[in-house]
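Naming: A, B, ... by sequence-line order, numbering from 1 per chain. Keep in mind that what you see is a predicted model, and the values were worked out from it rather than measured.
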Amino acid sequence: MDISRIIVPLNKAQRQAVCSEAQNNLVLAGAGSGKTWVLVHRIAWLVQVENVSPYSILAVTFTNKAAGEMRFRIENLLKTPVRNMWVGTFHGLAHRLLRAHWQDADLVENFQIIDSDDQLRLIKRIMKELGIDDKQNPPREVQWFINESKDNGLRCEHINVRELHNREYMLEVYQQYEALCQRTGLVDFAELLLRAHELWLKQPHLLKHYQQRFSHILVDEFQDTNTIQYAWLKVLSGNNLPDTHLNTFVVGDDDQSIYGWRGAKIEHIREFEQDFKAGSCETIRLEQNYRSTGNILEVANAVIANNTERLGKELWTEDGEGELLQVYQAFNEIDEAAYVASQIEKWVEKGGKRSEIAILYRSNTQSQPHEYELVKRAIPYRVYGGLRFYERAEIKDALAYLRLVANRQDDAALERIINVPTRGIGQRTIEMIRTEAVAREQHLWQTAVDMIADRQLTARAAGSVQKFLDLIDEMSAVVNDDSMSLSEQVVHIVKASRLKEFHGKENSERAQAKVENLEELVNAAKRFDDEGDPLLEAVKDSLELSQISDVSEEAGSISPLAEFLAHAALEAGEGQADEWEDCVQLMSLHSAKGLEFELVFLCGMEQGLFPHKNALQDFTGGRLEEERRLCYVGITRARQQLHLTHAENRTIYGRSELAYPSQFLAEIPASLISQVRAVNQSPSFTAARNNYSSSQGDENEEGISIGQRVTHKKFGEGTVIDIEGMGARARVQVNFDYEGTRWLMLNIAKLV
DNA sequence: GAATCTCTTGTTTTT
DNA sequence: CAAGAGATTC
């Protein structure tokens with residue numbers, strides 16, 4: 001047994017974690033301290049030294065990227081494929097369980113997963129039916145409420161109406177939404193987790209089966225677990241049973257918890273030590289950093305030190321100080337992008353690779369000026385995140401056809417495409433079918449069939465609807481009859497739906513892109529034909545070994561089509577483009593977690609953008625601390641060189657707005673910064689700042705503040721109004737904006 | 001019922 | 001700027 005290969009490359013703390021004999025382990029691992037490294041070696045240790053079968057190991061991550069990465073690294077270290085080991089995201093694993101045990105989970109066999117876009121549509125539809133004004137009660141808030149409830153494990157019946165404060169309608173919508181999903185075989189992201197949890201509770205024989213099957217559970221990015229995920233984990237681990245044999249090994253960093261808005265709770269790290277102390281629980285801290293220079297770490301430590309709610313941890317390194325941090329104050333976002341691009345050119349000239357470079361930002365829209373600049377200079381780049389492949393409208397249309405073919409009950413899919421391409425079924429008709437469906441308490445498809453039979457529709461509408469129903473049935477017959485491969489099925493459906501013609505008929509660039517995307521969908525299906533879903537393969541392989549009990553882990557007779565649809569919903573299409581080319585990497589700070597780069601640009605360091613304005617409105621400060629952790633994540637991505645940039649003017653909604661430097665910049669010790677351009681010194685910035693502060697918060701009696709947009713119905717051009725407030729008075733003139741026709745902008749004429 | 005125009009409103013982050 | 005809602009016209 002070659003143990004040395006596993007433990008030699010580890011430091012003392014890492015080795016302690018990898019070789020731990022405690023039943024449960026909590027590894028608090030700072031950024032760059034070898035978190036995944038430890039996890040991978042732990043698994044190798046278990047397999048090679050402790051002779052644990054990969055079949056008994058469950059490894060959970062949060063992103064598909066991380067799951068793929070982990071499997072790859074384990075196989076690399078073990079020098080053998082570990083097909084029958086379960087490695088996946090919480091959502092992926094939950095989905096797998098529900099497919100295998102759909103009956104026990106009270107689902108239909110071919111249930112479909114809906115994304116938040118579909119979810120919002122359904123919610124809007126329900127609110128309309130209930131006669132709730134969506135102007136006053138934004139559907140987004142209801143969506144938020146439903147997901148938050150589910151993330152916390154709350155079904156409708158668990159919710160205390162009194163706590164809703166005159167927003168009882170939200171509960172009503174929740175109930176209707178649940179009923180609709182159940183009736184139509186739809187499952188949203190949060191529902192996957194909640195059902196999987198309930199599956200444990202309601203089906204003890206299944207729980208027992210999996211408890212016997214697994215001996216080791218390992219969780220990466222543990223700080224990001226939300227309530228329901230943690231509950232799922234706790235139940236599975238049997239931590240409440242005195243005699244559980246399961247070993248739980250979690251790795252996390254409280255300073256990198258950035259998914260609080262999705263229900264993640266850092267408290268779980270503390271709770272873990274309590275909840276899992278029954279056997280034995282060991283806590284190990286990894287603080288030595290192998291990634292960044294001393295200066296970068298000092299910056300990171302200084303910034304994160306401003307947070308109050310921490311478990312406490314300070315990164316250190318044996319390496320040298322390295323270069324100073326560069327802060328560049330740009331004139332606007334175009335200037336910012338130009339600076340970044342020129343620095344990239346320098347790096348490449350010195351022989352650096354482009355793939356070692358990352359441009360990071362708070363929100364995905366910020367990628368655009370950078371893309372523009374990079375294209376201009378012919379620097380290859382790749383953008384992660386943003387609108388993903390399977391989220392594009394035309395792709396979702398095609399998928400909706402596929403979904404409907406797989407499951408006629410799928411109301412969300414039906415609504416999406418019943419009149420796409422337009423086939424003479426208008427709002428009126430759809431409305432009637434919807435209303436009738438509610439009355440009959442059945443899904444739209446059956447309702448449409450019945451209404452035609454009962455002659456409840458006008459002849460014209462009935463004809464159009466019938467044609468649509470026939471189209472789907474025809475598709476279904478063709479696709480299901482022969483032993484068509486998945487990609488052939490997709491080819492047929494794209495063709496028969498005439499979506500390409502519909503989307504391509506406009507002669508614009510965008511129309512062209514849509515057609516290309518539809519063609520790409522066929523390729524995606526082809527790839528899926530060839531490779532399949534790694535987790536499914538693991539399940540199939542492990543079946544042969546599954547002789548512990550009579551529980552079948554087989555996911556029913558699940559069709560490749562259903563498999564493909566689930567893949568589309570859960571993966572949303574990362575990694576479509578060519579990854580082999582040497583590209584500069586552009587991504588949000590959230591997607592950068594877990595990655596590292598030699599050269600990092602942290603862009604848009606402006607108050608309101610980062611930290612984001614929504615987080616600043618929160619009085620408790622909890623959201624601000626999360627923004628700061630996000631900043632910490634960004635800083636610690638850098639190995640050698642880090643540049644922070646901010647702009648004096650930033651275009652928001654097509655309008656140039658003044659911007660302040662982010663408060664996080666002020667939290668960095670000046671001694672660590674090299675100003676590329678002196679902050680707050682440039683004349684334009686000073687002028688803009690004075691202008692801004694004199695107008696901030698001042699309102700006149702009509703509640704208008706300077707800079708705000710108002711319709712021209714309220715004021716005529718040139719009107720002079722007085723604005724008072726915050727100890728200042730301003731006389732203001734109303735001016736049209738640059739387009740000259742649409743909105744008005746209030747400009748300061750003179751101060752009184 | 002479809003196409004076109006006008007106006008309003010909005011975007012944080014992701015499974 | 002861009003998507004969505006609502007109104008108007010064909």
Between the CD1 atom in A:I123 and the OH atom in A:Y174, the distance rounded to the nearest 0.5 Å is 10.5 Å

So how far is it from A:D151 CG to A:L193 CG, rounded to the nearest 0.5 Å? 7.0 Å

A:S588 side-chain proximity, nearest of B:dG1, B:dT13, B:dT15: B:dT13

Taking B:dT15, B:dG1, B:dG10 as options, the one with an atom nearest any side-chain atom of A:Y653 is B:dG10

Taking the minimum atom-to-atom distance to the side chain of A:N364, which one of B:dT11, B:dT14, B:dG1 wins? B:dT14

From the list B:dT11, B:dA3, B:dG1, which nucleotide is the closest neighbour of the side chain of A:H612? B:dT11

Salt bridge or not for A:E415 and A:R121, using N-O below 4.0 Å? no

Give the nucleotide from the list B:dT14, B:dA2, B:dT11 with an atom nearest to the side chain of A:W261. B:dT14

Write down the distance separating the C1' atoms in B:dT13 and C:dG4, rounded off to the nearest Å. 23 Å

Value in whole Å for how far the P atom of B:dT11 lies from CZ of A:R140: 5 Å

Does OP1 or OP2 of B:dT13 have a side-chain N or O of A:R623 closer than 4.0 Å? no

If the plane angle is over 60° it's perpendicular, under 30° parallel, otherwise tilted; pick one for A:H567 and A:F528. tilted

Just checking A:T429: base, sugar-phosphate only, or nothing, at a heavy-atom cut-off of under 4.0 Å? sugar-phosphate

Determine: side-chain N/O of A:N614 to OP1/OP2 of B:dT13, distance under 4.0 Å, yes or no. no

Are any of A:K613's side-chain N or O atoms less than 4.0 Å away from OP1 or OP2 of B:dT11? no

Select base, sugar-phosphate, or nothing to describe what A:L630 touches, counting heavy atoms under 4.0 Å on all strands. nothing

Let me spell it out: for each of A:T458 and A:A569, pick the nucleotide of DNA chain B with the closest heavy atom. Which residue's pick is nearer the 5' end? A:T458

Between B:dT13 and A:Y259, is there a base-stacking contact, meaning the centre of the base's six-membered ring lies under 5.5 Å from the residue's ring centre while the planes stay under 30° apart? no

Between the CD1 atom in A:I269 and the OH atom in A:Y230, the distance rounded to the nearest 0.5 Å is 10.5 Å

Scan A:K124 against the nucleic acid and name what it touches under 4.0 Å (heavy atoms): base, sugar-phosphate only, or nothing. sugar-phosphate

Given B:dT14, is OP1 or OP2 found less than 4.0 Å from the side-chain N or O atoms of A:S591? yes

